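Structure record follows, encoded as structure tokens.
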There are 2 protein chains.
Amino acid sequence: MIIVGELINASRKAIAEAIEKQDAVAIQKVATDQHENGADYIDVNAGVFVGQEVEYLKWLVSTVQAVVDTPCSIDSPDPKAIEAALQLHKGTAMINSISLEKERYDSLLPIVAGTDLKVVALCMSDEGMPETVDDRMKIADKLVNGLLQNNVPVENIYVDPLVQPVATNNQFGLEFLRAIEKVMTTFEGIHTLCGLSNISFGLPERKFLNQTFMIMAIANGLDGAILNPLDKKMMANIIAAEALMGKDEYCANYLMAYRAKKFEI
Amino acid sequence: MIIVGELINASRKAIAEAIEKQDAVAIQKVATDQHENGADYIDVNAGVFVGQEVEYLKWLVSTVQAVVDTPCSIDSPDPKAIEAALQLHKGTAMINSISLEKERYDSLLPIVAGTDLKVVALCMSDEGMPETVDDRMKIADKLVNGLLQNNVPVENIYVDPLVQPVATNNQFGLEFLRAIEKVMTTFEGIHTLCGLSNISFGLPERKFLNQTFMIMAIANGLDGAILNPLDKKMMANIIAAEALMGKDEYCANYLMAYRAKKFEI
């Protein structure tokens, strides 16, 4: 499972304050904590600072990478911010995310074309949010084929089928889960990656529902997620689900996590 | 989800003692507790009492049905014990279970043929335990077609693909999950039902692994389980997973269980 640590996001109050104060120590602690708890990428997002996003995103990348080797997931729809951040970035970054919205697609495609960057391909278009498996596959087909034709290898593409709340429509969970399976079987070698927390919008005990849905998504082939790696219950669910899916030889990772008391159940 | 309450099983020490003492009050409390916590069937098993199984199984059925309307799951491979229990049973019982083992198949088929009994069809044959999806489907095909030809309607058949421990072979979980999906899509209107606890044999935190695997099985279409309905964590997982699968209109059951504080998370 590829884990993208989601915590360094300026939509969170403490992070926005740390960014404004240029408090490197605070940001670096969040980066280190996520790295030590299993993040493969550290997401950096300064989207709330209109007009200052470029400057702040650059600062986040260099601040994070001063203390951890983990690559960043550069979380912005703005090509200028992404390009500026990439110039400072060490290692192979993840771009979060391209979509089929025309302006976003046209401006981000040249940045990732022919590179070895990892790319999140979000199933969203100018026609709005997808609801069914078919809606998602139509967008995914165009996005993936566009990336392949522009020399982005399939194994660097992470399709995000876009979770929508089950409280809005009780088929939204199932349609998402089926889309995960369909993407994983249609494009050999591809990845799927998403944030799952929208699924529980409008319902009580959201963390519990998110954890349950994560297990179901893994059962359908999901192999990446953007989440809080400090959530030990969520991480335990992922480790257990991967062992049960046959992705953990001799259950070694499960046993190691258990012995290290790394997870809560 | 069809829940079969598993607690009245003579392999459990307290139950064996209650049976030997003919302590109806003790048995009836376990039956009532399971009924009140969501059991659709109350499993009754007196298999450890060789020579007395017939007598004890009859006593269990009449003792249980004196206090709850819930039908029983008559849990025995012995046709004599099943026939005796059925004579006393009110409502439509479940037979747990027929299998493809020749002696068991030949002796149980006449009991269920042409009836409206529910039948658990266990994927086991004289060639031993199945390991792969194909092993399971070969057995399931023969069992289901045999039952159909003997006028057991498809909706009364509950295929148990037989869980094996993931610690023995790390593909055993995945093969089981795929078998659930295959059975559910191959035979329209059929059910799947099983006990899941074997999955975690040999590993620590078994309850946690069993709960995780239950969620994964539901994501693959499982619609029945034999389990302890007093396990509120397990029941919460099932209620949440069914809501996320679109089987709970308006998430009404989830919200009701939450408000009634019926489940632990």
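Model, not experiment: these values are computed from the prediction. Reminder, nothing fancy here: chain letters follow the sequence lines and each chain counts from 1. Scope of the values below: all heavy atoms of this structure, side chains included, with no hydrogens, waters or symmetry mates.
Taking 4.5 Å as the limit, some side-chain heavy atom of Met245(B) sits within range of a side-chain heavy atom of Leu177(A).
Per-residue heavy-atom pair counts under 4.5 Å with chain A were compared for Ala241(B), Gly173(B), Ser200(B), and the maximum is reached by Ala241(B).
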field: CA sep, side-chain torsions, deciding dist, call: Leu244(A), Thr212(B), side chain to side chain contact (heavy atoms under 4.5 Å, CB included)
entry: CA-CA 8 Å; Leu244(A) 294 167; Thr212(B) 307; 3.9 Å; yes

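Considering all non-hydrogen atoms of both residues, Ile215(B) and Met216(A) come closest at CG2-CG, 3.3 Å. Taking each heavy atom of Tyr254(B) and Pro204(A) in turn, the nearest pair found is OH-O, 2.8 Å. Considering all non-hydrogen atoms of both residues, Cys251(B) and Ala167(A) come closest at SG-CA, 4.5 Å. Considering all non-hydrogen atoms of both residues, Ala240(A) and Phe208(B) come closest at CB-CE2, 3.6 Å. Here the closest non-hydrogen pair linking Ala243(B) and Val166(A) is O-CG2, 3.5 Å.
Within a 6.0 Å sphere centred on NZ of Lys138(A), other residues, nucleotides and ligands contribute 12 heavy atoms or fewer. Around the CD atom of Glu155(B), the shell of radius 6.0 Å holds more than 12 heavy atoms that belong to other residues, nucleotides or ligands.
Distance check: Gln211(B) CD to Asn237(A) CG gives 9.5 Å after rounding to the nearest 0.5 Å.
Proximity to chain B is limited to the side chain of Asn220(A), based on heavy atoms less than 4.5 angstrom apart. Heavy-atom distances place the backbone of Asp248(A), and not its side chain, under 4.5 Å from chain B. With a 4.5 Å cut-off on non-hydrogen atoms, Ala217(A) does not touch chain B at all. Using a 4.5 Å cut-off between heavy atoms, Glu181(A) touches chain B through its side chain atoms alone.
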